Amino acid sequence: MWESLKGYIKPGSEEERLVREIDMARLPRHIAVIMDGNGRWAARRGRARVEGHKAGSESVREAAETCARLGISYLTLYAFSKENWKRPRPEVIRLWRLLRDSLKTDGRLFMENNLRLTAIGQRPGIPRLVLKEIERLEKATERNSRMTLILALNYGGRAEILEAVGRILRSRTVRPQDLDEEHFSGFLYTGGIPDPDLLIRTSGEMRVSNFLLWQIAYTELWITPVLWPDFRRKDLFEAVVDYQKRDRRFGDVQSR
Ligand code: IPE
Ligand code: IPE
Ligand code: MG
């Protein structure tokens, strides 16, 4: 078993069994997650939706630590979509406050674990104090190299593509004949980051909800009925095990 997972995984547990099934030489480089189901988790317990978001923050910590220990290079978490502004104002306020608090309290974990933080999404529109905290952590962690945690905040996939087109038109340096897929990708928020190999969605919803529309062209999808606050290490290992059984053909007749 991988050195960094020793002591972290309970011996004889289901998670240990799953970890042993993982081929460490063929890990996904980039995992993206649509963290969904916080509201339903709370409703099932007769609690306010915000309690679900609070419980969900614990799953974020666990997923980030597990991915880093496993050796994943990039983890992208969908935390707030452009469409989430439609929610009742008090929920929106609590969501952003929760995020700011987590970034504040967990900020040191990024340095302790050599993690880099970066955010994707429309920065104008993100509450000022949250943005300040994000930009402070982005700067502080820019040289960290173990894993990059990408937070999608005020993020919309279509908006991202439109913004990229706008940047290209304004730049006036890109000639239409030079604009291939790789070049275009560089204008997205995720420029320089490889496309996700695996996209996980919790809570069983079979949709992508405007997440990374360009980048997931050939991403493997894994959808689980587990609600985000219940998402544990073993669920992540299960996703990776399943991912490694897939035949990624990229349009060819066999995988290479
Ligand atoms: C995901 O959980 C968190 C965010 C979208 C911010 P939801 O709040 O969407 O939970 P459900 O889907 O209503 O259960
Ligand atoms: C997607 O979840 C957005 C995030 C996880 C941040 P939603 O709960 O907003 O998606 P829909 O409305 O069910 O498509
Ligand atoms: Mg939802």
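This structure is a prediction, so every number in the text was calculated from the model and none was measured. In this chain, residues are counted from 1 in sequence order. All ligand and atom numbering here is 1-based and tracks the order in the structure.
- Taking every non-hydrogen atom of Arg201 and a distance limit under 4.0 Å, the qualifying atoms of ligand 2 come out as 2 (O), 10 (O), 11 (P), 13 (O), 14 (O).
- Between Glu205 and Arg40 there is a salt bridge, with a side-chain nitrogen of the basic residue lying less than 4.0 Å from a carboxylate oxygen of the acidic one.
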Determine whether Arg45 and Glu51 satisfy the following criterion, salt bridge (charged side-chain N to carboxylate O under 4.0 Å, His left out), listing intermediate values before the conclusion.
CA-CA 10 Å; Arg45 286 163 178 76; Glu51 295 298 323; over 6 Å; no
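- Counting heavy atoms from C-beta on, the side chains of Leu149 and Thr141 never come closer than 4.5 Å.
- Using a 4.5 Å heavy-atom cutoff, the side chains of Ile31 and Thr76 are not in contact.
- Distance from atom 14 (O) of ligand 2 to its nearest protein heavy atom, with residue and atom name: Ser209 OG, 2.6 Å.
- By the 30° and 60° cut-offs, the orientation of the rings of Phe80 relative to Trp96 is tilted.
- Side chain of Gln254 to main chain of Arg249: no donor-acceptor pair is present (N/O by atom type, distance under 3.5 Å, no hydrogens or angles).
- The existence of a salt bridge linking Arg232 and Asp235 is excluded, since no basic side-chain nitrogen approaches an acidic carboxylate oxygen closer than 4.0 Å.
- At least one heavy atom of Ala79 lies less than 4.0 angstrom from ligand 1.
- At a cut-off of 2.8 Å, measuring from the Mg ion (ligand 3), the protein N, O or S atoms that fall short of it are Asp36 OD1, waters left aside.
- Counting heavy atoms closer than 4.0 Å to ligand 2, residue Phe211 contributes nothing at all.
- By heavy-atom distance, the residue among Arg87, Arg40, Glu83 lying nearest atom 9 (O) of ligand 1 is Arg87.
- Looking at atom 12 (O) of ligand 2, its nearest protein heavy atom turns out to be Arg207 NH2, 4.6 Å.
- From the protein, the heavy atom lying nearest to atom 2 (O) of ligand 1 is Asn38 N, 3.1 Å.
- Atoms CD and NZ, on Glu133 and Lys104 in that order, are 5.5 Å from each other to the nearest 0.5 Å.
- Residue Asn84 touches ligand 1 through its side chain alone, judged by heavy-atom distances below 4.0 Å.
- In terms of polar-atom proximity, defined here as any N/O pair under 3.5 Å, Asp36 does make such a contact with ligand 2.
- At a 4.0 Å cut-off, at least one heavy atom of Gly37 sits close enough to ligand 1 to count as contact.
- Nearest non-hydrogen protein atom to atom 10 (O) of ligand 1 is Gly39 N, 2.9 Å.
- Under the ring pair (Phe, Tyr, Trp, His ring centres under 6.0 Å) test applied with Trp214, the options Phe184, Tyr189, Phe187 reduce to a single match, Phe184.
- Considering backbone and side-chain N/O atoms, Phe80 never comes within less than 3.5 Å of an N/O atom of ligand 1.
- Contacts between Met35 and ligand 1, counted as non-hydrogen atom pairs separated by less than 4.0 Å, involve the backbone only.
- Minimum heavy-atom separation, Tyr243 to Leu27: CE2-C, 4.5 Å.
- Ring-plane geometry between Phe211 and Tyr155 is classed as perpendicular, the angle between the planes exceeding 60 degrees on a 0 to 90 degree scale with a lower cut at 30.
- Every atom of ligand 1 with a heavy atom of His53 under 4.0 Å away is listed here by number and element: 3 (C), 8 (O).
- Considering backbone and side-chain atoms alike, Trp41 places every N or O at 3.5 Å or more from each N or O of ligand 1.
- Identified under the side chain to side chain donor-acceptor pair (under 3.5 Å) test for residues 192-202, with sequence neighbours left out: Asp36-Arg201, Asp197-Arg248, Arg201-Ser209.
- Partner of Arg233 under the side chain to side chain donor-acceptor pair (under 3.5 Å) criterion, out of Glu15, Glu238, Glu14: Glu15 alone.
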